[in-house]
Amino acid sequence: MNKTDKIIAQARKENRKALLESEAKTICMECGISVPKFQIAANEKEAAKIAEGIGYPIVAKIVSPEIIHKSDAGGVKVNLKNATEVIEAFKTIIANAKKYNAKANIVGVLIQEMAPAGTEVIVGAIKDPQFGQTVMFGLGGIFVEVLKDVNFKVAPITLDEAKEMITGLKAYPLLKGYRNTPAADIDALAQILVKVAKLVMDYPEIKELDLNPIMAYAKGAATVDARIILE
Ligand code: ADP
Ligand code: MG
């Protein structure tokens, strides 16, 4: 059994459909998608120790099977610059989570490396009732939510097809580089799409997947949030 099999088996055993961010990111790592370093802290002392090991700045996030949209619950603190700030964030995140949902099981707080700012893009997958596993690509924020500027393709996909999904967006010029913004690494983003398509084909029990956002850089990309929902 590989790590992905184990994580899915464990979720099934606990009757959970939503994987934790840490679980979804471990699955990403296993299929070769790079994510910032992370570790779950059970208490504030551990949070500070993990942060010292990773290095600053740090991002801290709630880990709870009942809290899927972490920001909505006041469960995300970014740009923490030292141990004192990490400890403060730990306390605030736990308090916010309890306020948001008194019944939520709190596993801990995910302490992670803060990725440098980049162009935010989204890779998703859904299981279409008619076409089966389908992957999606779009730019972050208003581009997806307001302008619906996204492209879909039925999995599996080739690297060339992945590139077409990216270059075919209306907002593609933003990725090609403009003014002082360097061009994003289209190849790295296309590789992620191909890997996600393969993952959802290999694991038909994945009903939904969301890498939102991925920070795209001139060289490479960092997947800073990952969500996987099982059937
Ligand atoms: P949510 O569950 O609300 O989607 P996210 O994990 O996406 O939570 O975090 C909210 C926002 O915080 C992200 O959209 C991103 O802008 C920022 N963020 C989260 N994790 C990181 C990270 N490791 N490095 C840099 N920015 C991050
Ligand atoms: Mg997110």
Side-chain angles (χ1 to χ4, degrees), residues 7 11 14-28 33 35-44 46-47 50-51 57-81 85-127 136-150 171 192 196 206-216 221-231:
I7 287 167
E14 292 172 16
N15 240 321
R16 277 191 288 128
K17 291 205 191 318
L19 301 186
L20 303 171
E21 179 182 336
S22 47
E23 294 172 326
K25 280 184 168 170
T26 301
I27 292 175
C28 284
I33 296 170
V35 304
K37 288 190 198 111
F38 66 87
Q39 207 178 318
I40 295 177
N43 55 57
E44 14 180 305
E46 216 172 82
I50 295 166
I58 282 290
V59 177
K61 302 185 204 175
I62 189 69
V63 185
S64 163
E66 286 81 21
I67 301 175
I68 295 177
H69 298 284
K70 301 171 295 279
S71 302
D72 293 353
V76 180
K77 298 282 172 203
V78 301
N79 208 16
L80 308 170
K81 293 190 199 70
E85 287 187 14
V86 169
I87 290 168
E88 205 48 50
F90 185 100
K91 289 185 199 157
T92 310
I93 286 171
I94 300 286
N96 287 350
K98 286 181 175 160
K99 231 182 288 166
Y100 181 75
N101 179 351
K103 288 198 191 112
N105 292 294
I106 294 166
V107 179
V109 173
L110 197 61
I111 303 298
Q112 60 188 245
E113 188 183 350
M114 179 149 168
T119 306
E120 296 196 5
V121 304
I122 302 174
V123 166
I126 51 153
K127 199 168 182 173
M136 182 274 260
F137 185 86
L139 264 77
I142 60 159
F143 294 99
V144 168
E145 282 157 30
V146 184
L147 303 172
K148 314 282 183 216
D149 182 23
V150 292
I192 295 175
V196 164
I206 297 179
K207 191 177 152 223
E208 269 175 59
L209 176 151
D210 252 303
L211 308 182
N212 180 9
I214 299 169
M215 302 286 186
T223 296
V224 306
D225 186 22
R227 179 154 43 236
I228 291 177
I229 313 285
L230 302 175
E231 235 162 20

Beyond-backbone contact of [X] with [Y], side-chain heavy atoms, under 4.5 angstrom:
X: Ile206; Y: Leu230; value: yes
X: Lys98; Y: Ile106; value: yes
X: Thr26; Y: Glu23; value: no
X: Ile33; Y: Val196; value: yes
X: Lys103; Y: Glu66; value: no

Output the distance between atom [atom1] ([X]) and atom [atom2] ([Y]), rounded to the nearest 0.5 Å.
X: Glu88; Y: Ile93; atom1: CD; atom2: CD1; answer: 11.0 Å
X: Ile126; Y: Asp210; atom1: CD1; atom2: CG; answer: 10.5 Å
X: Gln39; Y: Ile50; atom1: CD; atom2: CD1; answer: 4.0 Å
X: Lys77; Y: Lys91; atom1: NZ; atom2: NZ; answer: 14.0 Å
X: Ile62; Y: Ile68; atom1: CD1; atom2: CD1; answer: 13.5 Å
X: Ile192; Y: Phe137; atom1: CD1; atom2: CZ; answer: 8.5 Å

In chain order, what residues pass the side chain to side chain contact (heavy atoms under 4.5 Å, CB included) check against [X], with sequence neighbours excluded?
X: Asn15; value: none
X: Glu120; value: Pro213, Met215
X: Lys207; value: Glu231
X: Met136; value: Ile122, Val150, Phe152

Might you point out which heavy atoms bring [X] and [Y] nearest each other, and give the distance in Å?
X: Thr223; Y: Pro36; result: O-CD, 3.1 Å
X: Ala47; Y: Phe90; result: CB-CD1, 3.8 Å
X: Val35; Y: Cys28; result: CG1-CB, 4.0 Å
X: Ala24; Y: Leu19; result: N-CB, 4.5 Å
X: Glu21; Y: Val224; result: OE2-O, 3.5 Å
X: Glu46; Y: Ile40; result: OE1-O, 3.6 Å

_The criterion is salt bridge (charged side-chain N to carboxylate O under 4.0 Å, His left out); which residues satisfy it with Asp225, sequence neighbours excluded?_
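For Asp225, the residues satisfying salt bridge (charged side-chain N to carboxylate O under 4.0 Å, His left out) (neighbours in sequence not counted) are Lys70.
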Once side chain to side chain donor-acceptor pair (under 3.5 Å) is applied, do any residues pair with Glu14, and if so which ones, sequence neighbours excluded?
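Once residues adjacent in sequence are excluded, the partners of Glu14 under the side chain to side chain donor-acceptor pair (under 3.5 Å) criterion are Gln10, Arg16.
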Q) Taking the side chain from Glu113 and the backbone from Lys37, do they hold a donor-acceptor pair closer than 3.5 Å? A)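 A pair under 3.5 Å: yes.
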| query | Take atom NZ in Lys17; do more than 12 heavy atoms of anything else shown fall under 6.0 Å from it? | reply |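 12 or below, so no.
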